[in-house]
Amino acid sequence: MEQLGKRSGPAARLDTILRHLSARTPPALTFIPTSAQVSAVHQPGKFRFTLDNGILTTEQRQFYEDNGYLLIRKLVSDEDIERFRKEFVRICKKEVRVPGAMIMKNEALRSQYGQTESVVNKVQDFQEDEELFRYCTLPQILKYVECFTGPNIMAMHTMLINKLPDSDKQTFLHPMHQDLHYFPFRPADRIVCSWTAMQRADENNGCLVVLPGTHTLPLKPHGYPEWEGKTNKLFHGILDYDEKSPKVHLVMEKGDTVFFHPLLIHGSGINKTSGFRKSISCHFASSDGHYIDVKNTTQADLEKELQEMVHKRYNMPALELKDIWTFRARVVQGERINL
C-alpha cells in the first residue's frame with residue numbers, strides 16, 4: 001500500500017518525468033523512483049550513458065541513464081535565437097546561399113508565398129553557414145555535450161526545422177524513429193543530439209514526442225510508413241512501432257534545450273496552428289569514435305537512397321554512407337581523431 005504523499009512503480013516514474021519537464025531549474029527530487037526500469041540506488045562509477053566531468057548532478061545523470069534524454073531550461077539566449085531566425089529568413093529569400101546545405105521546401109506553396117519562410121520547412125547540413133553553425137559552438141551547449149561525448153567533439157549533423165502549418169495533409173509529420181538509423185558511426189553512447197526550441201513547442205504546433213527508456217533498445221529496422229499521401233523523403237520510421245507505446249510530449253519554451261541519445265525513439269506531430277514551430281539542432285559525437293560499413297545491415301537501404309540523391313544532385317559517383325558523413329563533420333572542441 002502506498003504511503004501518503006508517495007507513489008511507486010510507473011506512477012513514480014511518471015512523476016519524475018513530469019517534474020523534470022515542468023521545472024525551470026534542474027529538478028530537486030524528494031525521492032528515488034523504484035520501478036523496474038529505474039535504479040533505486042545510485043552506484044558510483046556505474047553510469048553508462050554520461051561521463052563524470054562535474055557538470056551534471058547525480059540526479060541529472062540518473063535521469064538520462066533511465067530515460068535517454070535531459071531537458072535544460074533557458075540554455076540559449078533570446079539574442080542568439082533571434083540571430084539564427086534572421087539568418088534562416090535570409091536563406092529562405094536566397095539572400096544567403098549555403099554550400100552543401102539541403103533546403104527542403106513545400107513546392108506547392110511557392111506560387112502563393114514565393115521565396116519566404118512560409119515555404120521552407122528545413123535547412124539541413126548548415127555547417128558552411130557561419131551564423132547558423134555558431135549554434136554548434138556555443139559554450140553553454142558544448143559544456144553539456146561534453147558530458148555525453150567526452151572532450152573531443154565533432155558536430156556531425158545540423159538542422160534548422162521550420163515546421164509549417166499542416167492541419168490537414170500531415171505533410172510534415174515525422175514518424176517515430178531512432179536517429180542512429182541515419183548514422184554510420186559508433187559508439188552510440190558517445191553520440192548526443194542537442195535540440196533547442198526557437199519558440200514555444202507544444203502538442204498544438206508539433207513538439208518532440210519521446211518514448212522514455214527506449215535508448216537501451218537495439219537499432220530497429222526503419223522504412224517509409226504506410227501513410228497514403230503523407231510520406232516525405234528520408235522521413236523514415238520504425239517499421240514495427242506500436243502506437244500504444246507510452247510517450248511523453250516535450251513541451252518547451254524558447255531557449256529550452258533537450259539532449260537525447262541516438263537510440264531514443266522519438267518523433268514529432270503536426271503543426272495544427274497558423275504559425276511556425278522553429279527549432280535548431282546538432283548531433284555531436286566523440287571524435288574518438290569510428291565509422292562502420294552498413295552493407296548487409298538494416299541501414300543498407302538508407303545508404304542506397306542517399307547515394308542516389310547525391311548522384312542526382314551533384315552528379316557524383318556512388319559514395320559510401322561514411323564518406324558522406326566525413327564530408328559533413330566538423331571539429332568543434334578538442335582534436336579530430338578518427339571521425
Side-chain angles (χ1 to χ4, degrees), residues 75-142 145 153-166 171-172 174 182 193-201 205-206 232-235 254-257 268 271 274-284 306 309-316 319 323-333:
L75 188 61
V76 179
S77 70
D78 290 352
E79 292 76 15
D80 278 325
I81 288 175
E82 180 62 13
R83 287 178 61 176
F84 300 146
R85 188 197 67 80
K86 287 181 177 179
E87 182 71 355
F88 172 73
V89 171
R90 286 193 288 266
I91 293 172
C92 294
K93 293 180 178 180
K94 294 189 174 182
E95 295 174 1
V96 175
R97 294 186 180 273
V98 185
M102 182 183 297
I103 314 296
M104 300 182 69
K105 308 173 184 177
N106 185 336
E107 296 292 347
L109 298 175
R110 183 181 291 185
S111 61
Q112 181 179 359
Y113 296 105
Q115 299 291 344
T116 69
E117 63 179 328
S118 297
V119 175
V120 177
N121 68 295
K122 183 191 290 187
V123 176
Q124 184 167 291
D125 302 325
F126 56 66
Q127 65 272 1
E128 295 298 329
D129 185 277
E130 182 178 351
E131 183 59 43
L132 291 184
F133 194 72
R134 273 198 325 106
Y135 171 78
C136 307
T137 65
L138 291 175
Q140 65 268 39
I141 293 288
L142 294 179
V145 169
I153 306 174
M154 301 294 296
M156 303 297 293
H157 183 228
T158 54
M159 291 192 299
L160 193 155
I161 295 176
N162 181 46
K163 191 179 281 284
L164 303 174
D166 193 24
T171 305
F172 305 113
H174 199 152
Y182 296 98
C193 179
S194 169
W195 193 102
T196 298
M198 295 177 64
Q199 57 203 97
R200 179 179 169 83
N205 62 6
N232 293 279
K233 198 69 173 173
L234 295 179
F235 275 34
K254 183 178 181 181
D256 291 353
T257 302
S268 64
N271 181 359
S274 59
F276 307 120
R277 192 232 67 192
K278 290 184 175 65
S279 63
I280 188 168
S281 66
C282 179
H283 280 89
F284 297 92
L306 282 171
M309 290 178 64
V310 170
H311 178 71
K312 181 178 180 180
R313 184 171 183 181
Y314 302 108
N315 195 28
M316 295 175 63
L319 297 172
D323 295 326
I324 297 173
W325 287 97
T326 301
F327 172 77
R328 290 170 167 169
R330 299 288 186 275
V331 63
V332 289
Q333 180 178 295

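Keep in mind that this is a model prediction, so the values were computed, not measured.
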Could you walk me through whether I91 and V98 pass side-chain contact (heavy atoms from CB on, under 4.5 Å), step by step? CA-CA 8 Å; I91 293 172; V98 185; 3.7 Å; yes
Under the criterion side-chain contact (heavy atoms from CB on, under 4.5 Å), I'd like the reasoning laid out for H157 against Q124: C-alpha separation, chi angles, the key distance, then a yes or no. CA-CA 8 Å; H157 183 228; Q124 184 167 291; 3.5 Å; yes
T257 vs W195, side-chain contact (heavy atoms from CB on, under 4.5 Å): CA-CA, chis, key distance, verdict: CA-CA 5 Å; T257 302; W195 193 102; 5.8 Å; no
Let me see the working for L75 and T196 under side-chain contact (heavy atoms from CB on, under 4.5 Å), right down to the final yes or no. CA-CA 8 Å; L75 188 61; T196 298; 6.0 Å; no
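When every heavy atom of G275 is checked against every heavy atom of N271, the shortest pair comes out as O-ND2, 2.8 Å. Looking at every heavy atom in both residues, F84 comes nearest to M198 through CB-CE, 3.9 Å. In terms of heavy atoms, S194 sits closest to I141 at OG-CD1, 3.5 Å. When every heavy atom of V123 is checked against every heavy atom of A101, the shortest pair comes out as CG1-CB, 4.4 Å. Nearest heavy-atom pair, S281 versus C193, reported as atom, atom and distance to 0.1 Å: CB-SG, 4.3 Å.
The CD1 atom of I324 sits 5.0 Å away from atom CG of L306, with the distance rounded to the nearest 0.5 Å. Distance check, rounded to the nearest 0.5 Å: CE of M154 to OG1 of T326 gives 8.5 Å.
Checking side-chain atoms of W325 against main-chain N and O of Y182 turns up a donor-acceptor pair under 3.5 Å. Using modelled atom types, one side-chain atom of N162 and one backbone atom of V120 make a donor-acceptor pair closer than 3.5 Å. With Q127 contributing its side chain and T158 its backbone, the two residues share no donor-acceptor pair below 3.5 Å. When atom types are taken as modelled, the side chain of R277 and the backbone of N205 share no donor-acceptor pair closer than 3.5 angstrom.
Looking at I280 and F126, their side chains come closer than 4.5 Å, going by heavy atoms from C-beta outward. Contact annotation: the side chain of E128 never approaches that of R97 to less than 4.5 Å [non-hydrogen atoms, C-beta and beyond].
Salt-bridge check for K254 with E82: failed, with every basic side-chain N at 4.0 Å or more from each acidic carboxylate O. Salt-bridge annotation for E117 and K278: present, with a side-chain N of the basic residue lying under 4.0 Å from a carboxylate O of the acidic one.
Screening E130, E95, E131 for a side-chain contact (heavy atoms from CB on, under 4.5 Å) involving E87 leaves a single residue, E131.
The side chain to side chain contact (heavy atoms under 4.5 Å, CB included) search around A155 returns F133, C136, C282, F284, V332, not counting sequence neighbours. For D125, the side chain to side chain donor-acceptor pair (under 3.5 Å) partners at least two apart in sequence or on another chain are R328.
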